[in-house]
Amino acid sequence: MNRTHVVIMAGGIGSRFWPMSSPEMPKQFIDVLGCGRTLIQLTADRFKEICPAENIWVVTSKDYADLVREQLPQIPSEHILLEPCRRNTAPCIAYVCWKIKTLNPKANVVISPSDHIVIDTTEFNRVVKGALKFTADSDAIVTLGMKPTRPETGYGYIEASLALTSPSNKEICKVDSFREKPDLPTAERYIQKNNYFWNAGIFIWNVNTVINALRVYQPELSAIFDELRSVFFTPAEQAHIDERFPLCPNISIDYAVMEKADEIFVYPASFGWSDLGTWGSLHETSSKDAQGNVCIGTNIQMYDSRNCIIHTTQEKKVVIQGLDGYIVAEKNNTLLVCRMSEEQRIKEFSAETSK
């Protein structure tokens, strides 16, 4: 039996890529890169060498069940877990890990967001396999830390004790502390050191380790899923989840376990990672022309323009002239033209259009 299981968390509303995304069609279900695959499909694709499709799980909102089934038909239907409401990552992870343990008490698990991108999948596979080997028969929890390339204020950071490496894998070291998203001066200080890494939100552990940690640090949450074990994989499961899941505390796995447990390790890595939280991050990670423009669409012509991102996959022809540092994006008869520096206002635009 293959011990490795992969969990894709896909319950977020992901509406930052307006007008492409919306609460009804979050970014994880959209072809953001214009490559013919949505972000959740790309996430599943990169785990093909890690585990078989029958060992992949998706935790998502009940509202997105049909989208998951349509976009990931290779995943067993009983591995698509439906949250009746949003309760952050700790309840999501607890639910799926309790279920995985009922099938394989020795399972080794990777937890991954559904809406990130990875450029170097070969290096990604090497790192994840190394982490899985490290956690297979230990009490260790491993989080992947991305080597920073800029003083990013949109990510949390991991402070590592580089001198405290593991004898079994010299690339893995102890976590000293987790740091919240910093202001710019703090981020600049972080990247001047070599022991601060972006927190990618990708976790590796064996199922007993995380369940034991949740029982110690989150007994209220753990009691809910201990009580639900008898209904797992029965016709009554969803009704019981609908009733009990809303009672879970609204807490992230970082606060619930990662910042409390002792055996927390980080695997510093560099494989072209981005959480694609903004149009700016998509511009940062995409291939650019000589003028720094990113063009995603079939026929885009740029004149006297630089440092722009153009996403117009539904238009036959787009001509842009005289723009510097702009976002131009369209979807379903809605066109956005916005300075990239004013991107935070996109959420306001999105809220206005939904009224």
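- The backbone N or O of Gln314 lies less than 3.5 Å from a partner atom in the side chain of Glu330, making a donor-acceptor pair.
- The backbone N or O of Thr38 sits nowhere less than 3.5 Å from a side-chain atom of Asp31 that would complete a donor-acceptor pair.
- With respect to the salt-bridge test (charged N to carboxylate O, under 4.0 angstrom), the residues Glu83 and Lys62 do not qualify.
- Note that CD1 of Ile117 is 5.0 Å distant from OG of Ser274, once rounded to the nearest 0.5 Å.
- A donor-acceptor contact under 3.5 angstrom links the side chains of Lys101 and Asn208, judged on distance only.
- Cation-pi geometry between Lys181 and Tyr155 is not satisfied (NZ or CZ under 6.0 Å from the ring centre, within 45° of the ring normal).
- Across Asp176 and Ser161, no two heavy atoms sit closer than the pair CB-OG, 3.5 Å.
- In this structure, CZ on Phe203 lies 13.5 Å from OG1 on Thr135, to the nearest 0.5 angstrom.
- Side chain of His79 to backbone of Glu54: a donor-acceptor contact under 3.5 angstrom is found.
- Within 6.0 Å of CD in Glu220 there are 12 or fewer heavy atoms belonging to other residues, nucleotides or ligands.
- Side-chain atoms of Ile202 and Thr143, non-hydrogen and from C-beta on, never get closer than 4.5 Å to each other.
- Minimum heavy-atom separation, Cys97 to Val207: O-CG2, 3.2 Å.
- Under the 4.5 Å side-chain heavy-atom criterion for ILVMFWY residues, a single connected hydrophobic cluster contains both Leu39 and Leu144.
- Side-chain atoms of Arg306 never come within 3.5 Å of backbone atoms of Asp324 as a donor-acceptor pair (strictly under, hydrogens ignored).
- Considering all non-hydrogen atoms of both residues, Phe245 and Cys92 come closest at CZ-N, 4.2 Å.
- Geometrically, Lys174 engages Phe265 in a cation-pi contact defined by less than 6.0 Å to the ring centre and at most 45° from the axis.
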Derivation of the side-chain hydrogen bond (donor to acceptor under 3.5 Å, both in side chains) call for Thr153 and Asp183: CA-CA 6 Å; Thr153 61; Asp183 57 22; over 6 Å; no

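- Ser305 contributes a side-chain N or O that, together with a main-chain N or O of Leu323, makes up a donor-acceptor pair within less than 3.5 Å.
- Phe134 is listed as a side-chain neighbour of Val142, based on a closest heavy-atom distance under 4.5 Å.
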For Asn299 and Val318, what are the C-alpha separation, side-chain angles and deciding distance, and is it a side-chain contact (heavy atoms from CB on, under 4.5 Å)? CA-CA 6 Å; Asn299 188 352; Val318 176; over 6 Å; no

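- Taking OH of Tyr157 as the reference point, atom CZ of Arg189 lies at 11.5 Å (rounded to 0.5 Å).
- Put simply, the side chain of Cys308 does not reach to within 4.5 Å of the side chain of Val294, judged on heavy atoms.
- Two residues are said to be in side-chain contact when any heavy atoms from C-beta on lie closer than 4.5 Å; Phe197 and Tyr190 fail this criterion.
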Checking salt bridge (Lys or Arg N to Asp or Glu O under 4.0 Å) for the pair Arg126/Glu171: CA distance, chi angles, key distance, verdict? CA-CA 12 Å; Arg126 185 191 74 82; Glu171 294 182 76; 2.9 Å; yes

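- When the side chains of ILVMFWY residues are joined at heavy-atom separations under 4.5 Å, either directly or via intervening members, Met340 and Leu282 end up in a single hydrophobic cluster.
- Within a 6.0 Å sphere centred on CG of Asn333, heavy atoms belonging to other residues, nucleotides or ligands number 12 at most.
- Ser222 places none of its side-chain heavy atoms less than 4.5 Å from the side chain of Ile211.
- A distance-only check finds a donor-acceptor pair linking the side chain of Asn55 to the backbone of Asn2 [under 3.5 Å].
- Judged by distance alone, the side chains of Asp242 and Gln238 do bring a donor and an acceptor atom under 3.5 Å apart.
- Within a 6.0 Å radius of CD in Gln301, more than 12 heavy atoms belonging to other residues, nucleotides or ligands are found.
- Side-chain atoms of Gln28 come within 3.5 Å of backbone atoms of Ala10 as a donor-acceptor pair (strictly under, hydrogens ignored).
- Side chains of Asn125 and Thr122: no donor on one and acceptor on the other come within 3.5 Å.
- Judged by distance alone, with hydrogens and angles left aside, the side-chain atoms of Gln291 form no donor-acceptor pair with the main-chain N or O of Asn293 at under 3.5 Å.
- The closest side-chain heavy-atom distance from Val110 to His5 is not below 4.5 Å.
- Residue Phe271 holds its CZ atom at 8.0 Å from CD of Glu123, rounded to the nearest 0.5 Å.
- Here the CZ-OG1 distance, from Arg37 to Thr43, works out to 10.5 Å after rounding to the nearest 0.5 Å.
- Taking each heavy atom of Asn88 and Pro91 in turn, the nearest pair found is O-CD, 3.6 Å.
- Across every non-hydrogen atom of Cys51 and Val6, the tightest pair is SG-CG2, 3.6 Å.
- No donor-acceptor distance shorter than 3.5 angstrom exists from the side chain of Thr121 to the backbone of Phe124, with no hydrogens or angles considered.
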Run the side-chain contact (heavy atoms from CB on, under 4.5 Å) check on Arg244 and Leu228 step by step: do they pass? CA-CA 9 Å; Arg244 301 288 289 162; Leu228 289 170; 4.0 Å; yes

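- Glu237 and Lys99 are joined by a salt bridge, as a carboxylate oxygen and a charged side-chain nitrogen come within less than 4.0 angstrom of each other.
- Ile56 and Ala44 get closest at one heavy-atom pair: CD1-O, 4.4 Å.
- The aromatic rings of Phe225 and Tyr95 lie parallel to each other, with less than 30° between the two planes, well short of the 60° mark.
- Using a 4.5 Å cut-off on side-chain heavy atoms (C-beta onward), Ile191 and Tyr196 make no contact.
- Neither side chain, Ser281 nor Asp275, offers a donor N or O lying under 3.5 Å from an acceptor on the other.
- Tyr255 and Ile93 end up in different hydrophobic clusters when Ile, Leu, Val, Met, Phe, Trp and Tyr side chains are linked at under 4.5 Å.
- Checked by atom type, the side-chain pair Asp226/Trp98 shows a donor-acceptor distance below 3.5 Å.
- Both Val328 and Ile300 belong to a single network of hydrophobic side chains, linked directly or stepwise wherever heavy atoms of I, L, V, M, F, W or Y lie under 4.5 Å apart.
- Both Val127 and Leu42 are members of a single hydrophobic cluster when ILVMFWY side chains are connected at heavy-atom separations under 4.5 Å.
- The main-chain N or O of Ile251 is never found under 3.5 Å from a side-chain atom of Arg87 such that the two would form a donor-acceptor pair.
- With respect to the salt-bridge test (charged N to carboxylate O, under 4.0 angstrom), the residues Asp137 and Arg3 qualify.
- Side-chain contact between Val266 and Phe178: absent, with no pair of heavy atoms (C-beta onward) separated by less than 4.5 Å.
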Full working for side-chain contact (heavy atoms from CB on, under 4.5 Å) between Cys338 and Trp279: CA-CA 10 Å; Cys338 175; Trp279 283 107; over 6 Å; no

Just do the side-chain contact (heavy atoms from CB on, under 4.5 Å) check on Lys193 and Glu159 with the steps written out, would you? CA-CA 10 Å; Lys193 303 178 181 181; Glu159 182 185 8; over 6 Å; no

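- A distance of 9.5 Å separates OG1 of Thr209 from CD of Glu263, quoted to the nearest 0.5 Å.
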